[in-house]
Enquirer: 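Would you mind keeping the following structure in view while I ask a few things?
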Protein chains: 2
Amino acid sequence: MRVISKSGEYGLRALLHMASNQDNERFFNIREMSDELDISFHFLTKILQVLTQKGILQSYRGPNGGVGFLKSAEEITLAELVRALEGDDFFDKCLLGLPGCGERQPCPMHAYWMGIRNNLKDEFETTSLADLGKNTRLQHLRLIA
Amino acid sequence: MRVISKSGEYGLRALLHMASNQDNERFFNIREMSDELDISFHFLTKILQVLTQKGILQSYRGPNGGVGFLKSAEEITLAELVRALEGDDFFDKCLLGLPGCGERQPCPMHAYWMGIRNNLKDEFETTSLADLGKNTRLQHLRLIA
DNA sequence: ATATTTGCAGACAAAATACTCTTAATTCTT
DNA sequence: AAGAATTAAGAGTATTTTGTCTGCAAATAT
Ligand code: SF4
Ligand code: SF4
């Protein structure tokens, strides 16, 4: 079950790492994060670039540069992150993956899927990045072999 | 959002089609289904082969051959179909896609994901193929351009 | 028996996704 | 001003998923 693509996963892990280690205003060095989280540096860089372009992060080049939040983790919803990482239509697409259909001519699964989808959407909309971090004391975002 | 892979989607659409058109014991011709549902014949064939191998369908070769159910649509759960189509570990994997972690060293999202996952699993376990068909009168499994 | 219809199996091709590398632009340090 | 550190951008490669093709095996019909 790949609700979230690999790159989306990496993005979320990085953001969660940042939210968990937020010792004030500092920028997070991407190289350090990629080492820490065992993600390819260049790949992570590209993913975070997108988040910067979408206005979720800000970036700074040069020595001690890095990426940082623009809003506080409390103000960032999981839904907006997922939309940024996976595409704006994330919650609009059929969960089955079928394009272009809806209420007008629903397939036998439609009512069923809509229920599941709306639940998921509601949960994502009402969950902040900060909320996610509260669920555990461990900041275990690395892979566990 | 690709909860279910393309091939899984094709498999489900075919099964739903079969469940909806079950005029007694007959076998469904794969070519007819692939035409009807706009799925590549060979690809669909391969997907249904797997379902046959996993004991969800039975097949018959030769003239008027095809594939058919072994159990009634009421007895087939969505969960077992998804497990057959997407892999037995479908409900065990991290929704995020991370391998090999669990309660022992949960990441900040763990509790959150487990809740969503268990809900989904429960729904899938208690929903039969027949239930899915009941959700609408239209048997609209084709793409809607 | 032989030919026809069907599913089975595996090799092959194309497309999407994931990952790597090289170069440029920006900021800091001295 | 020069050089080092760091992200940005985009080309290039690898892997996975999706889809196609070709021939074989089983069942039927004549
Ligand atoms: S009608 Fe069926 S295929 Fe279309 S959006 Fe609804 S669930 Fe998806
Ligand atoms: S700890 Fe995090 S990464 Fe691991 S299974 Fe739970 S949610 Fe997934």
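Chain A is the first sequence line, chain B the second, and so forth, proteins listed ahead of strands; every chain is numbered from 1. Below, each value reflects all heavy atoms present in this structure, side chains not excepted, and no hydrogens, waters or symmetry copies.
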Enquirer: Distance check needed: C:dT5 P versus B:Ile30 CD1, whole Å only.
Expert: 17 Å
Enquirer: How long is the line joining CG of B:Asn64 and C1' of D:dA27, in whole Å?
Expert: 10 Å
Enquirer: Taking only nitrogen or oxygen atoms into account, show me every contact under 3.5 Å that the protein makes with nucleotides 17-22 of chain C, one pair per line with its distance.
Expert:
residue, atom, partner, partner atom, Å
C:dA18, OP1, A:Lys6, N, 2.9
C:dC19, OP1, A:Tyr10, OH, 3.3
C:dC19, OP2, A:Tyr10, OH, 2.9
C:dT20, OP2, A:Ser40, OG, 2.9
C:dT20, O4, A:Lys46, NZ, 3.1
C:dC21, N4, A:His42, ND1, 3.4

Enquirer: Counting side-chain heavy atoms from C-beta on, which of D:dT28, C:dG7, C:dT27 comes nearest to B:Ser59?
Expert: C:dG7
Enquirer: Quick one: do the B:Gln49 and B:Thr52 side chains pair a donor with an acceptor below 3.5 Å?
Expert: no
Enquirer: Considering heavy-atom distances to DNA chain D, does A:Leu48 or A:Pro63 have its closest nucleotide positioned more toward the 5' end?
Expert: A:Pro63
Enquirer: Send over the distance from A:Ile39 CD1 to D:dT7 P, rounded to a whole Å.
Expert: 14 Å
Enquirer: In terms of heavy-atom contacts, does CG of B:Asn64 have more than 12 from other residues, nucleotides or ligands at under 6.0 Å?
Expert: no
Enquirer: Provide, to the nearest angstrom, the distance between the CZ atom belonging to A:Arg61 and the P atom belonging to D:dA9.
Expert: 7 Å
Enquirer: Tell me: CG of B:Leu44 to P of D:dT17, nearest whole Å?
Expert: 19 Å
Enquirer: Are side-chain heavy atoms of B:Leu129 and B:Leu81 found at a separation under 4.5 Å?
Expert: yes
Enquirer: Starting at CG of A:Leu51 and ending at P of D:dT7, how long is that distance when rounded to a whole Å?
Expert: 14 Å
Enquirer: With a 4.0 Å cut-off, would you call B:Glu86 and B:Lys93 a salt bridge?
Expert: no
Enquirer: Side-chain N or O of A:Gln53 less than 4.0 angstrom from OP1 or OP2 on D:dA9?
Expert: yes
Enquirer: Is any side-chain N of the basic residue among A:Glu9 and A:Arg13 closer than 4.0 Å to the acidic one's carboxylate O?
Expert: yes
Enquirer: Just call it for B:Gln58: base, sugar-phosphate, or nothing, with non-hydrogen atoms closer than 4.0 Å on any strand.
Expert: nothing
Enquirer: Please confirm whether B:Arg31 makes a cation-pi placement over B:Phe41, using NZ or CZ under 6.0 Å from the six-membered ring centre and within 45° of the ring normal.
Expert: yes
Enquirer: In whole angstroms, how far is the P atom of D:dA8 from the OH atom of A:Tyr60?
Expert: 13 Å
Enquirer: What integer distance in Å separates B:Glu86:CD from D:dT16:P?
Expert: 17 Å
Enquirer: For B:Asn29, does its backbone N or O pair with a side-chain atom of B:Glu32 as donor and acceptor, under 3.5 Å?
Expert: no
